[in-house]
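Below you'll find the structure, written out as structure tokens, and then a few comments.
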Amino acid sequence: MDGNLAERLAQIRAGREKWMQERQLEQDRKEVVESLHTMAFQDQSPPGSGEKGVTSSSSGPRHPPPAAASLLAPEEIINSITERIADRIRAELQCQVQQEKQKAADGQVMATKKLDSYLASEIESHTCPICYELMAPPRHSPILLFPCGHSFCAQCIAVHTKTNQKKTCPYCRCKIESQATNVALQQLIQNFVTKKNTLGSDGSASRREGGTEGERGGTKSGLGIERRRDDLLRRRGGVQSSWSASGPTTVIGGVNDFNSVHRRQEDEAGGTRERDEELEGECERFTRELQKVETRCIVLQNELHDTIADKAAAVNALHIAELVLDHLRSEEVESASKVKRMLLEMEVIRTQVDEQEKKHALLSQTLKDIDTKVDLICRALQPLTNERNKLELLLQSSNTKLSSVPCD
Ligand SMILES: [Zn+2]
Ligand SMILES: [Zn+2]
């Protein structure tokens, strides 16, 4: 569908250009014939009025050649015309050489700019879908995930897998079985960065000449596109003003007009081509931007999904934690009351212990008194026992004496 439309547009454009060329050729032919007539007339007119008549030949009123012109010899007329034509062709050729040089310089600037923007867009397409940083080592080395094959920068994947403890691809949610540095991509990015830096130092001078400074930063936003458009218009305006500056002063007559019109047509066609190329470039850039933004959207949607799941888990854990806290609080209250009871019991026991200790001391004292009393009694008993033993011995001896005396 788009291809057909583009083809049709190209056909219409080609037809229009062909028609304009034919029309211009016809017009130019008429103007040349007219200017030749005018020149033939002016060669006969007094000096000072000739140049004015020539410059206004295309727009001024047409004078029929007077009868005096026919008085000149035909050789003189031809010589005069030949000289003028040679002068014009010389001036025209000089002008063309100048134009070609300008075109070549413009082309070089344009090519450098295109290469520059191509490199910028290539590098931009290798940015991490999570942090948008260029995947260049050491911190943002490209890491390839297996088996899905998506690449992210080392820093983001470390945060994703280690800090956030995730085990799936941030883009496609495929389980990450292993990961490794994407060496080929890393080399490619490094080469691009090196080339871009080299180009940046080489091309800065030519960019300054071309007045397109600040072009590199403009690839991301519409601002850069506006600037490119302004640039293009300014360049085209510059070419037009150079025609108007050189046209009337250095080139005279209809032949110059003919060539100028051709150049204008060529430059217009060139301008259209440039504009088409610019628009195609913009389309490519927008497509790349769209892809990047879509990737980022998917990554963020996955992140949102995970975060919502994390929130649900956190809410559940919080609920459980609240239940446990309530249980622990009730146990704390219970334990406190137990401690209170035990303290009271301990107080009672301590009182009993005190009482018992007093009783014990009293009984010890009583025992000591009894021991003293026993000692005293024993000491009192000892002499009495001795006395008794002595008296028993005396009694026994008396009884023995009594039994041995006769009864008469
Ligand atoms: Zn990243
Ligand atoms: Zn993936």
Side-chain angles (χ1 to χ4, degrees), residues 114-201 203 214-225 227-228 281-317:
K114 271 184 191 168
L115 189 58
D116 198 8
S117 79
Y118 169 73
L119 286 178
S121 60
E122 275 299 321
I123 288 173
E124 269 177 25
S125 68
H126 293 306
T127 52
C128 169
I130 297 174
C131 66
Y132 281 158
E133 288 288 335
L134 179 67
M135 291 195 281
R139 279 204 307 158
H140 297 283
S141 293
I143 301 292
L144 184 68
L145 305 180
F146 295 102
C148 70
H150 289 119
S151 288
F152 300 91
C153 82
Q155 198 178 40
C156 290
I157 213 70
V159 170
H160 180 74
T161 54
K162 287 176 188 158
T163 313
N164 296 343
Q165 301 279 316
K166 303 251 176 81
K167 291 178 172 49
T168 56
C169 168
Y171 180 71
C172 68
R173 324 282 281 163
C174 182
K175 190 176 183 296
I176 302 170
E177 286 177 9
S178 62
Q179 48 174 281
T181 305
N182 193 338
V183 179
L185 183 58
Q186 181 170 296
Q187 192 62 47
L188 194 70
I189 290 170
Q190 272 178 323
N191 288 346
F192 272 130
V193 170
T194 313
K195 270 185 200 167
K196 180 148 180 69
N197 290 341
T198 316
L199 199 69
S201 55
E215 190 56 39
R216 287 192 294 163
T219 49
K220 265 194 175 179
S221 62
L223 204 68
I225 293 155
R227 207 178 297 152
R228 274 196 298 282
E282 277 171 20
C283 281
E284 280 173 22
R285 270 193 296 282
F286 286 144
T287 311
R288 268 197 296 273
E289 283 291 313
L290 180 67
Q291 280 170 353
K292 272 171 66 181
V293 171
E294 276 176 348
T295 310
R296 178 75 179 138
C297 279
I298 289 169
V299 168
L300 278 180
Q301 276 166 1
N302 289 340
E303 194 70 32
L304 180 67
H305 187 262
D306 286 354
T307 311
I308 288 170
D310 286 351
K311 189 191 166 191
V315 166
N316 196 29

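Start at 1 and go down the list; that is how both ligands and their atoms are numbered. Computed over heavy atoms, backbone and side chain alike; hydrogens, waters and symmetry mates excluded.
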From SG (C128) to NE2 (H140), nearest 0.5 Å: 8.0 Å

Looking at CG of N182 and OG of S141, how far apart are the two atoms once the value is rounded to the nearest 0.5 Å? 10.5 Å

To the nearest 0.5 Å, atom NZ of K311 lies from atom CG of D306 at 15.0 Å

Atom pair SG/CG of C156 and N164 - distance to nearest 0.5 Å: 10.5 Å

Which protein N, O or S atoms lie under 2.8 Å from the Zn ion (ligand 2), given by chain and residue number? C148 SG, H150 ND1, C169 SG, C172 SG

Going by the side-chain contact (heavy atoms from CB on, under 4.5 Å) test, name the single residue among C169, C174, P170, P129 that passes it with H150. C169

Give a yes or no on this: more than 12 heavy atoms of other residues, nucleotides or ligands lie within 6.0 Å of atom CZ of R173. yes

Taking atom CD1 of I157 and atom CG of L145, what is their separation to the nearest 0.5 Å? 4.5 Å

Test side-chain contact (heavy atoms from CB on, under 4.5 Å) applied to S151 and M135, step by step: CA-CA 9 Å; S151 288; M135 291 195 281; 4.3 Å; yes

What lies under 2.8 Å from the Zn ion (ligand 1), restricted to protein N/O/S atoms, is C128 SG, C131 SG, C153 SG, C156 SG

Can you tell me if H126 uses its side chain to pair, donor with acceptor, with the backbone of Q186 under 3.5 Å? no

